[in-house]
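Comments concern the structure below.
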Number of protein chains: 2
Amino acid sequence: MSDLLERLRGRGWRMTAQRRVVAEVLEGDHVHLTADEVHARAVDRLPEISRATVYNTLGEMVSLGEVIEVSTDRRAKRYDPNAHRPHHHLVCARCGAIRDVHPSGNPLADLPDDERFGFTVSDVEVTYRGICPNCSATA
Amino acid sequence: MSDLLERLRGRGWRMTAQRRVVAEVLEGDHVHLTADEVHARAVDRLPEISRATVYNTLGEMVSLGEVIEVSTDRRAKRYDPNAHRPHHHLVCARCGAIRDVHPSGNPLADLPDDERFGFTVSDVEVTYRGICPNCSATA
DNA sequence: TGTTTGACTTGGACAAAGTCCATTGTAGGA
DNA sequence: TCCTACAATGGACTTTGTCCAAGTCAAACA
């Protein structure tokens with residue numbers, strides 16, 4: 001069983017076929033699927049799974065902090081299962097490909113007090129943009 | 001006339017009442033309106049302006065690099081007119097308030113070569129998240 | 001193992017945000 | 001002033017996501 005599923009079970013999740021399939025679809029590194037993509041892959045394994053269940057399940061995983069929502073473009077949110085490995089994202093401006101990246105330094109520390117406007121700052125999300133090797137080759 | 005409008009005219013834009021109104025609505029610092037908010041304010045000055053025109057105009061401003069699209073949450077894109085003053089954003093996780101911020105350091109330089117996966121990296125977008133003073137007071 | 005129950009799933013209606021397009025209008029040059 | 005290419009309009013359509021009432025089932029318990 002996957003780590004993700006293991007952790008969810010540990011949190012008292014009732015284990016259903018639907019949830020198992022959604023968790024399995026999300027396995028791996030550099031996985032950044034949209035909800036509809038997750039649904040399409042889930043349907044391959046469990047044809048009767050509904051869109052609403054996929055949305056519900058992804059939403060619960062996010063609330064539990066087991067999956068991260070990533071909004072890299074104007075389109076659908078994407079779901080990243082590596083919630084427990086801090087990282088940021090590198091996105092191809094042309095084809096939308098996404099890679100997980102690990103910058104040096106801590107961007108949180110780079111925000112001076114006089115630029116915090118009294119906010120309690122707890123998190124930072126960094127998105128690098130550029131052109132991937134594939135797209136620059138076929139330019 | 002606003003700076004924004006001036007620059008757009010310099011780029012050969014045909015000047016229409018609609019475009020003028022959209023540009024005027026976007027004036028100012030810490031302005032991060034959604035397309036619908038822009039439309040609502042534009043309608044106050046020019047009642048017959050259509051939603052499609054607001055979307056088109058904002059889209060053109062973005063393509064020309066005069067306005068930046070900001071996706072701070074799951075909801076609508078927001079439009080930031082300060083495209084020529086490099087900055088990032090600080091967002092309240094509770095009420096959604098947005099401030100422009102200027103971190104020290106250059107996050108682009110923090111991405112090592114071996115984390116670039118062959119991408120030509122050209123831009124970086126940083127979103128800080130936290131709770132604004134107003135929301136932490138009324139917790 | 002069978003029963004029970006509340007959590008889970010379903011499918012369809014609904015909503016928000018954004019795009020597309022045929023038609024109509026108009027800015028700005030000749 | 002007239003022309004024409006560019007721009008605006010508004011309504012249909014698409015995509016993405018939410019909500020809900022009714023049915024289903026995982027797992028605790030006897």
Side-chain angles (χ1 to χ4, degrees), chain A residues 1 5-6 8-25 32-64 66-80 96, chain B residues 1 5-6 8-25 32-64 66-80 96:
Chain A
M1 169 171 312
L5 218 42
E6 200 64 54
L8 291 167
R9 171 182 291 220
R11 286 168 177 274
W13 249 29
R14 180 179 287 186
M15 199 46 54
T16 68
Q18 292 84 350
R19 287 172 166 184
R20 206 181 331 263
V21 165
V22 169
E24 283 168 6
V25 164
H32 307 95
L33 300 170
T34 65
D36 265 356
E37 286 165 354
V38 171
H39 181 238
R41 298 188 186 199
V43 162
D44 287 345
R45 307 189 188 198
L46 191 66
E48 69 275 23
I49 192 172
S50 73
R51 248 167 38 94
T53 295
V54 171
Y55 274 98
N56 288 342
T57 304
L58 290 172
E60 287 155 10
M61 288 173 171
V62 170
S63 312
L64 291 173
E66 296 291 344
V67 166
I68 290 172
E69 268 179 12
V70 185
S71 301
T72 55
D73 60 8
R74 52 196 139 251
R75 305 195 160 194
K77 281 176 286 188
R78 293 179 174 276
Y79 294 87
D80 182 333
Chain B
M1 173 171 311
L5 219 43
E6 199 65 53
L8 292 167
R9 169 181 292 219
R11 286 168 177 276
W13 247 30
R14 180 181 287 187
M15 199 45 56
T16 68
Q18 291 84 349
R19 287 173 166 184
R20 206 182 330 264
V21 165
V22 170
E24 283 168 6
V25 164
H32 307 94
L33 299 171
T34 65
D36 265 356
E37 286 165 354
V38 171
H39 181 238
R41 298 189 188 198
V43 161
D44 287 345
R45 307 189 189 198
L46 191 66
E48 68 276 23
I49 192 171
S50 75
R51 249 166 38 93
T53 295
V54 171
Y55 274 100
N56 289 340
T57 304
L58 290 171
E60 287 154 12
M61 288 173 172
V62 170
S63 310
L64 291 174
E66 296 293 343
V67 165
I68 290 171
E69 267 179 13
V70 185
S71 300
T72 54
D73 59 8
R74 50 196 141 252
R75 306 194 161 190
K77 282 176 288 188
R78 293 180 174 276
Y79 293 88
D80 181 333

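Chain letters run A, B, ... following the sequence lines, proteins first and then strands; every chain starts at 1. Bear in mind that the values here come from a model prediction, so they are computed numbers and not experimental data.
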NZ-CD1 distance between A:K77 and A:I68, expressed to the nearest 0.5 angstrom
14.0 Å
Rounded distance (nearest 0.5 Å) linking atom CD of B:Q18 with atom CG of B:N56:
11.0 Å
For B:L5 versus B:A23, what's the shortest heavy-atom pair and its separation?
CD1-CB, 3.3 Å
Figure out the [atom1]/[atom2] separation between [X] and [N], and round it to whole Å.
X	N	atom1	atom2	answer
B:E48	D:dG10	CD	P	8 Å
B:Q18	D:dC6	CD	P	17 Å
A:N56	D:dC20	CG	C1'	11 Å

Difference in axis direction between the ends of the helix from C:dT1-D:dA30 to C:dA30-D:dT1, five pairs, 10°:
30°
Give me, pair by pair, the N or O atoms of the protein and of nucleotides 27-29 of chain D that are less than 3.5 Å apart, along with how far apart they are.
unit_1	atom_1	unit_2	atom_2	d
D:dA27	OP1	A:M15	N	3.0

Pairwise N/O distances under 3.5 Å, protein to nucleotides 13-16 of chain D:
none

Side-chain heavy atoms of A:L8 within contact of A:E60, under 4.5 Å:
no
Sub-4.5 Å side-chain heavy-atom contact between A:T72 and A:H32
no
Results of side-chain hydrogen bond (donor to acceptor under 3.5 Å, both in side chains) for [X] - residues two or more places apart only:
X	value
B:R45	B:E24
B:T53	B:S50
B:E66	B:R7, B:R11, B:H84

If the condition is side-chain contact (heavy atoms from CB on, under 4.5 Å), which residues does B:A35 pass it with, not counting sequence neighbours?
B:Y55, B:L58, B:Y79
Which sits closer to the 5' end of DNA chain C, A:G12 or A:A52, going by the nucleotide each is nearest to?
A:G12
Could you tell me from which nucleotide to which nucleotide of DNA chain C, 5' to 3', there is an atom under 4.0 Å from chain B heavy atoms?
C:dA17 to C:dG28
All N/O donor-acceptor pairs, side-chain side in residues 36-44 of chain A, below 3.5 Å, sequence neighbours left out:
unit_1	atom_1	unit_2	atom_2	d
A:E37	OE1	A:T34	N	2.9
A:E37	OE1	A:R78	NH1	3.3
A:H39	NE2	A:I49	O	3.2

